[in-house]
Amino acid sequence: MHHQLARFLLVGFVGFLLDLAVMWSLIYGLEVAQTRAELIGARVAAWTAAILLTYFLNAKLTFGASIRHSRFGNYLFIQAIGAGINIGSFTLLMLMGPIQDRPLIAMIVGNVLAVINNFLLVRTFVYRFHPEVDDPE
């Protein structure tokens, strides 16, 4: 499980780099994201690219699972839960926590909680083969 978590973190970092690269390219490289609406569209495009990449990389590199037996809808749902945990815990810590004046620490706490949640849920509900459900025979 420790090796899976390390690979999960590495894949997440690669996804983050793609997310950043797509956003940068759309804003500064292609200059197609200049208005607020275009920036939101660029953010959705960058996030989508990162989610697709991490879905496939996690299947192959982290969990050794078949894409055919993986559940992309579950993956998206879990990523949304993770975003809620990340942003929610950050917001709570900034509003009423003991580290109100330390936003970077609050951000790290939110990220750690989200990563742990995402890893455990993805491992259980996305890439785990369930013969009684997935086996076509």
Side-chain angles (χ1 to χ4, degrees):
M1 188 153 123
H2 289 78
H3 295 290
Q4 281 183 338
L5 180 57
R7 288 188 298 256
F8 187 80
L9 293 172
L10 179 62
V11 166
F13 181 69
V14 170
F16 168 76
L17 291 177
L18 178 63
D19 193 352
L20 184 64
V22 171
M23 272 302 280
W24 188 92
S25 296
L26 292 173
I27 295 169
Y28 302 109
L30 299 173
E31 296 182 357
V32 295
Q34 302 304 309
T35 68
R36 286 182 193 218
E38 291 168 346
L39 287 169
I40 292 169
R43 187 68 200 104
V44 170
W47 183 83
T48 301
I51 290 299
L52 289 172
L53 178 67
T54 58
Y55 175 72
F56 289 110
L57 289 178
N58 275 320
K60 294 298 179 191
L61 302 176
T62 304
F63 299 104
S66 163
I67 296 297
R68 185 171 148 232
H69 293 110
S70 302
R71 295 171 175 85
F72 186 65
N74 289 7
Y75 189 78
L76 286 175
F77 184 72
I78 290 165
Q79 293 302 319
I81 291 171
I85 290 170
N86 189 336
I87 295 166
S89 60
F90 172 83
T91 302
L92 285 174
L93 288 169
M94 292 307 300
L95 291 176
M96 61 178 94
I99 55 174
Q100 293 176 8
D101 58 341
R102 304 212 189 279
L104 294 180
I105 293 174
M107 184 183 114
I108 291 168
V109 169
N111 275 304
V112 167
L113 293 174
V115 164
I116 292 168
N117 172 75
N118 287 358
F119 174 74
L120 294 173
L121 291 178
V122 163
R123 186 172 191 262
T124 303
F125 296 109
V126 177
Y127 299 113
R128 180 165 290 187
F129 178 71
H130 300 282
E132 67 279 357
V133 176
D134 297 325
D135 196 4
E137 318 260 326

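No experiment lies behind these values; they were computed from the predicted model shown. Index from 1, following the sequence.
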Min side-chain heavy-atom separation [X]-[Y] under 4.5 Å:
X    : Y    : value
S70  : Y55  : yes
F63  : V126 : no
F77  : L121 : no
F72  : I67  : no
V122 : Y75  : yes

With the 4.5 Å side-chain cut-off for hydrophobic clustering, are [X] and [Y] part of the same group?
X    : Y    : result
L76  : F125 : yes
L52  : Y127 : yes
W47  : L57  : no
L17  : W24  : no
L120 : F8   : yes

Enumerate the residue pairs fulfilling salt bridge (Lys or Arg N to Asp or Glu O under 4.0 Å) with a member in [range], sequence neighbours excluded, ordered by first and then second residue.
range            : result
residues 76-100  : none
residues 13-32   : D19-R43
residues 2-13    : none
residues 111-120 : none

Rounded to the nearest 0.5 Å, how far apart are [atom1] of [X] and [atom2] of [Y]?
X    : Y   : atom1 : atom2 : value
L53  : L18 : CG    : CG    : 5.5 Å
L9   : F16 : CG    : CZ    : 14.0 Å
F90  : L95 : CZ    : CG    : 9.0 Å
I108 : L93 : CD1   : CG    : 11.5 Å
F119 : I78 : CZ    : CD1   : 12.0 Å
I105 : M94 : CD1   : CE    : 10.0 Å

What is the minimum heavy-atom distance between [X] and [Y], and which atoms define it?
X    : Y    : result
G110 : S89  : CA-OG, 3.1 Å
V22  : A49  : CG2-CB, 4.2 Å
G82  : N118 : CA-OD1, 3.2 Å
A45  : L26  : CB-CD1, 4.2 Å

Tell me every residue that passes side chain to side chain donor-acceptor pair (under 3.5 Å) with R123, counting only those two or more places apart in sequence or in another chain.
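Counting only residues at least two positions away or on another chain, R123 forms a side chain to side chain donor-acceptor pair (under 3.5 Å) with Q4.
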Residues that N111 engages under side chain to side chain donor-acceptor pair (under 3.5 Å), provided they are two or more places apart
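Residues passing side chain to side chain donor-acceptor pair (under 3.5 Å) with N111: N86.
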Would you say Y28's side chain and M23's backbone share a donor-acceptor pair under 3.5 angstrom?
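Here the side-chain-to-backbone pair does not exist.
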Can any side-chain N or O of N58 pair as donor or acceptor with the backbone N or O of T54 at less than 3.5 Å?
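Here the side-chain-to-backbone pair exists.
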